Amino acid sequence: KEAAQQQKLANVVILATGGTIAGAGASAANSATYQAAKLGIDKLIAGVPELQDLANVRGEQVMQIASESIGNDDLLKLGKRVAELADSKDVDGIVITHGTDTLEETAYFLNLVEKTDKPIIVVGSMRPGTAMSADGMLNLYNAVAVASSKDARGKGVLVTMNDEIQSGRDVSKSVNIKTEAFKSQWGPLGMVVEGKSYFFRLPAKRHTVNSEFDIKQISSLPAVDIAYGYGNVTDTAYKALAQAGAKAIIHAGTGNGSVSSRVVPALQELRKNGVQIIRSSHVNQGGFVLRNAEQPDDKNDWVVAHDLNPQKARILAMVAMTKTQDSKELQRIFWEY
Ligand SMILES: NC(=O)C[C@H](N)C(=O)O
């Protein structure tokens with residue numbers, strides 16, 4: 001009977017990368033003071049025995065780090081392992097446990113480069129497992145529930161935090177400390193309640209199987225960096241990033257991605273020297289940057305990131321620039337993804 005039950009359940013692989021969901025603090029009162037990336041995946045799975053009711057679950061430790069330290073090589077390593085598993089007949093869904101600081105970047109990266117309609121769910125937690133009211137257990141349970149659900153297929157890479165199902169493209173860490181940290185300016189796609197997924201919306205942008213990018217064809221990512229706009233800003237950071245080899249600079253601009261008059265000449269000069277300039281906005285609740293509004297992008301040959309925040313714009317620029325160095329192509333890609 002047990003064997004028959006196992007056959008009915010979906011096969012879900014959990015790829016662990018570290019983060020607070022694998023963190024540990026000195027006492028149960030330490031919800032914010034702790035060390036991330038301490039517990040191995042076997043301990044995480046053992047901590048939620050109810051996972052076995054949802055799916056046949058196995059784990060793999062891909063890395064063990066706090067997500068603020070994730071680099072491009074880590075993204076590639078994770079992305080390639082996800083693709084291998086997605087190709088495997090006996091894998092129905094993939095969950096990635098991840099620190100929350102750059103979770104939105106990894107989720108968007110996978111959303112762009114994984115050629116599969118199998119569910120890929122990225123999940124983290126705001127409190128370590130040792131804290132009172134730790135959120136990791138339920139977030140992980142929800143992630144496995146969504147990963148094993150047929151309804152989650154073909155919806156791109158998803159994020160399950162705080163009972164919500166979010167699009168990996170849109171979601172962003174919008175509050176720290178609180179467990180309701182992840183928000184999207186376009187709203188969640190659905191909810192997961194008591195191990196069942198309920199979807200209400202679909203992502204409109206190209207992703208996974210409809211993407212022109214494929215992790216199997218990407219062996220390295222170009223240097224793309226971010227410089228911040230603020231009152232009294234100078235062009236020092238932009239010039240230094242280009243000097244250090246940045247192929248594109250994301251301008252994390254004020255408001256509509258506006259650029260200070262103290263910075264404009266340097267960005268025009270950098271563009272003439274081949275560096276792509278991509279205007280985004282660092283406003284907190286979600287930016288929206290349009291071409292030729294605030295700055296003459298056509299004349300400057302700059303690109304706009306539209307609604308992507310600076311860190312997501314960096315991900316898309318890196319992926320896009322594995323294929324094209326043409327600013328018009330880049331702009332097309334920024335509209336479509
Ligand atoms: N809540 C977290 O996961 C934060 C941690 N710094 C990380 O991103 O790994």
Side-chain angles (χ1 to χ4, degrees), residues 12 75 78-79 82-83 86 92-96 98 100 102-124 139 142-174 180-193 196-215 218 280-281 285-290 304-320 323 330-337:
V12 172
L75 280 182
L78 177 65
V82 169
D92 301 305
I94 299 156
V95 168
I96 295 136
H98 200 288
T100 55
T102 60
L103 187 150
E104 67 200 75
E105 299 180 34
T106 299
Y108 187 41
F109 176 72
L110 298 174
N111 192 59
L112 293 170
V113 300
E114 299 297 338
K115 303 296 263 182
T116 181
D117 62 6
K118 291 182 184 176
I120 300 169
I121 320 299
V122 191
V123 64
N139 287 347
N142 287 343
V144 171
V146 178
S148 42
S149 138
K150 291 211 166 55
D151 291 351
R153 290 181 75 107
K155 294 189 169 66
V157 173
L158 303 171
V159 172
T160 55
M161 295 283 295
N162 201 37
D163 297 348
E164 290 179 334
I165 306 170
Q166 298 272 5
S167 161
R169 178 199 184 270
D170 298 337
V171 78
S172 179
K173 190 177 199 177
S174 305
E180 56 186 312
F182 281 77
K183 304 258 181 350
S184 150
Q185 66 169 325
W186 311 120
L189 302 181
M191 294 274 299
V192 48
V193 182
K196 277 204 70 177
S197 315
Y198 301 89
F199 283 93
F200 298 92
R201 300 174 205 282
L202 291 174
K205 297 288 185 173
R206 291 175 72 177
H207 61 75
T208 57
V209 284
N210 295 318
S211 169
E212 68 205 78
F213 308 108
D214 184 347
I215 185 70
I218 302 177
S280 71
S281 171
Q285 309 272 320
F288 195 91
V289 182
L290 284 174
V304 295
H306 203 25
D307 69 322
L308 292 177
N309 68 23
Q311 56 272 33
K312 284 180 190 272
R314 184 188 78 96
I315 295 290
L316 183 56
M318 287 194 303
V319 170
K323 278 205 152 179
L330 273 181
Q331 186 63 74
R332 173 192 63 81
I333 289 166
F334 269 86
W335 295 136
E336 291 181 9
Y337 292 84

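Computed from a predicted structure; not experimentally measured.
The backbone N or O of Leu112 lies less than 3.5 Å from a partner atom in the side chain of Ser211, making a donor-acceptor pair. With hydrogens and angles ignored, the 3.5 Å screen pairs a side-chain donor or acceptor of Gln331 with a backbone N or O of Val304. Using a distance-only test at 3.5 Å, with no hydrogens or angles considered, a donor-acceptor pair links the side chain of Asn139 to the main chain of Asn162. Of the possible polar contacts, one joining the Glu114 side chain to the Ala83 backbone as a donor-acceptor pair under 3.5 Å is found. Here the side chain of Lys115 pairs no donor or acceptor atom with the backbone of Asp214 at under 3.5 angstrom. Looking at Asn111, its side chain does come within 3.5 Å of a backbone N or O of Val157 through a donor-acceptor pair.
Counting heavy atoms from C-beta outward, Thr100 and Phe182 have side chains that approach closer than 4.5 Å. When side chains are defined from C-beta on, Leu290 counts as touching His306, because their heavy atoms get closer than 4.5 Å. A heavy-atom distance below 4.5 Å is not found between the side chains of Ser148 and Asp92. Residues Val123 and Asn142 have side chains not in contact (no heavy-atom distance under 4.5 Å, counting atoms from C-beta outward). Here the side chains of Thr106 and Leu75 are in contact, with some heavy-atom distance below 4.5 Å.
The only member of Ser280, Ser281, Ser172 that meets side chain to side chain donor-acceptor pair (under 3.5 Å) when paired with Asn309 is Ser172.
In this structure Ala152 satisfies the side-chain contact (heavy atoms from CB on, under 4.5 Å) test together with Pro119, Val146, Ser149, Leu158, Phe199, sequence neighbours excluded. When the salt bridge (Lys or Arg N to Asp or Glu O under 4.0 Å) test is applied to Glu336, the partners found at least two apart in sequence or on another chain are Arg206, Arg332. Taking Asp163 as the reference, nothing meets the salt bridge (Lys or Arg N to Asp or Glu O under 4.0 Å) condition, with sequence neighbours excluded. In this structure Lys173 satisfies the salt bridge (Lys or Arg N to Asp or Glu O under 4.0 Å) test together with Asp101, sequence neighbours excluded. With sequence neighbours excluded, the residues forming a side-chain contact (heavy atoms from CB on, under 4.5 Å) with Val113 are Phe109, Phe213, Ile215, Ile218, Val319, listed by chain and number. In terms of the salt bridge (Lys or Arg N to Asp or Glu O under 4.0 Å) criterion, Arg201 has no residue partners (sequence neighbours excluded).
What you find for Ala147 and Val95 is that their closest heavy atoms are CB-CG2, 3.6 Å. When all heavy atoms of Ala320 and Leu330 are compared, the pair lying nearest together is CB-CD2, 3.5 Å. Pairing each heavy atom of Ser197 with each of Ile165, the nearest pair is CB-CD1, 4.0 Å. In plain terms, the two heavy atoms of Gln185 and Gly286 that are nearest each other are OE1-O, 3.6 Å. The shortest heavy-atom contact between Pro203 and Lys155 is CG-O, 3.3 Å. Residues Val122 and His98 share a closest heavy-atom pair of CG1-CB, 3.8 Å.
In summary, Lys196 and Asp151 do not engage in a salt bridge, as defined by a charged side-chain N under 4.0 Å from a carboxylate O. Salt bridge absent: Lys312 and Glu104 never bring a charged side-chain N and a carboxylate O closer than 4.0 Å.
The distance from atom NZ of Lys183 to atom CD of Gln285, rounded to the nearest 0.5 Å, is 8.0 Å. For the atom pair OG1 of Thr116 and CD1 of Ile94, the computed distance is 6.5 Å after rounding to the nearest 0.5 Å. Going from atom CZ of Arg169 over to atom NE2 of His207 covers 11.0 Å, rounded to the nearest 0.5 Å. Atoms NZ and CG, on Lys205 and Asp307 in that order, are 6.0 Å from each other to the nearest 0.5 Å.
No side-chain donor-acceptor contact under 3.5 Å links Gln311 and Tyr108.
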